[in-house]
Amino acid sequence: MLNLTKIQTLAQEYSPQELFAALVWQRRFNQFNGEEVIKDLSQNSHLWASFLFTKPIFAPDENGLSFGGLVDTLLAMANYRPMPESSIIHFVAYPGDTLYILTENQDTIVSPLLELGKKWRADSVDITDGNNEEYGLRLQRRLQIRLQGGLESESFWEQRDGVVIAYWWD
């Protein structure tokens, strides 16, 4: 049963990113330590725009629907502005094992995030920028369009190119 008062309070007081951080914080399995990951992300917030913790997203589908939806969600969270009357559902046993981080496409930003993947003992770390030759041309174009200029900067007129880094734990 949903406690609407609690949901309303959560929706008014916390951003979607903070809610996902809480989901990551409570997860611990095999080599994954959610508390450690969130503490590192908090200390390095200048390196990322948003993150999503979920099950792996299969990317190479012909139309790019699965990975495209992930990119849309990451961009929406990165560019989030508070909305009144939002509603959320909080899941206690969140089954995620893959952390997707949206960040700016710059070596000086991506490299430290790759190092964090080693510290976090991720079983695999992958970068998606829309140029993966394993993806079909349609998916490549869609990802490139969404990631190029998709991140808003503090200046409304300046936009930045993004990449998605995926960390997976077995």
Side-chain angles (χ1 to χ4, degrees), residues 14-80 88-136 139-140 142-148 150-153 160-170:
Y14 301 98
S15 71
Q17 195 62 81
E18 289 169 315
L19 295 172
F20 268 100
L23 293 173
V24 175
W25 182 281
Q26 66 183 346
R27 285 289 281 153
R28 182 173 281 219
F29 61 93
N30 299 339
Q31 295 294 312
F32 181 79
N33 181 335
E35 186 176 337
E36 175 188 21
V37 169
I38 293 303
K39 284 179 179 178
D40 286 340
L41 288 175
S42 178
Q43 292 170 357
N44 294 284
S45 60
H46 62 285
L47 296 177
W48 55 270
S50 65
F51 61 86
L52 187 63
F53 188 63
T54 186
K55 287 292 197 179
I57 305 295
F58 176 72
D61 58 37
E62 183 178 328
N63 297 316
L65 298 176
S66 59
F67 202 82
L70 171 72
V71 170
D72 290 344
T73 301
L74 285 166
L75 286 168
M77 288 173 50
N79 299 322
Y80 171 78
I88 57 97
I89 299 175
H90 179 74
F91 296 97
V92 175
Y94 192 75
D97 62 4
T98 306
L99 178 69
Y100 294 94
I101 294 181
L102 176 66
T103 189
E104 191 170 353
N105 191 3
Q106 287 189 23
D107 289 342
T108 57
I109 294 174
V110 172
S111 292
L113 287 170
L114 296 177
E115 289 301 313
L116 282 174
K118 292 176 186 174
K119 179 183 181 214
W120 297 334
R121 299 164 305 283
D123 291 301
S124 75
V125 179
D126 297 303
I127 301 173
T128 300
D129 62 2
N131 293 316
N132 188 331
E133 293 181 7
E134 293 179 18
Y135 299 168
L139 175 57
Q140 284 182 34
R142 181 169 185 200
L143 291 175
Q144 287 172 352
I145 288 168
R146 293 297 292 145
L147 289 169
Q148 291 174 354
L151 286 172
E152 296 175 5
S153 69
R160 303 167 292 157
D161 293 347
V163 296
V164 176
I165 303 175
Y167 307 82
W168 175 74
W169 290 265
D170 187 14

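Numbering of residues begins at 1 and proceeds along the displayed sequence. This is a predicted model, so every value here is computed, not measured. Just the heavy atoms: all of them, side chains too, but no hydrogens, waters or symmetry mates, feed the values below.
Distance alone, capped at 3.5 Å, is enough to place a donor-acceptor pair between the Q17 side chain and the F51 backbone. Of the possible donor and acceptor atoms, none in the side chain of N30 sits under 3.5 Å from a partner among the backbone N and O of F32.
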I'd like a table of donor-acceptor pairs (distance under 3.5 Å, sequence neighbours excluded) in which one partner is a side-chain atom from residues 163-170, with atom names and distances.
unit_1 : atom_1 : unit_2 : atom_2 : d
Y167   : OH     : L113   : O      : 2.8
W169   : NE1    : W120   : O      : 3.0
W169   : NE1    : R121   : O      : 3.4

Just distance, no hydrogens or angles: give the donor-acceptor pairs under 3.5 Å from side chains in residues 41-49, sequence neighbours left out.
unit_1 : atom_1 : unit_2 : atom_2 : d
N44    : ND2    : D40    : O      : 2.8
W48    : NE1    : L41    : O      : 2.9

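F53 approaches F29 most closely through the heavy-atom pair CZ-CE2, 4.5 Å.
Residues R27 and V24 form no side-chain contact, since every pair of their non-hydrogen atoms from C-beta on lies 4.5 Å or further apart. A heavy-atom distance below 4.5 Å is not found between the side chains of L52 and L99.
Rounded to the nearest 0.5 angstrom, L114 CG and I109 CD1 are separated by 12.0 Å.
A salt bridge does not link E36 with K39: none of the charged nitrogens is closer than 4.0 Å to a carboxylate oxygen.
Residues passing the side-chain contact (heavy atoms from CB on, under 4.5 Å) test with E18, sequence neighbours excluded: Y14, S15.
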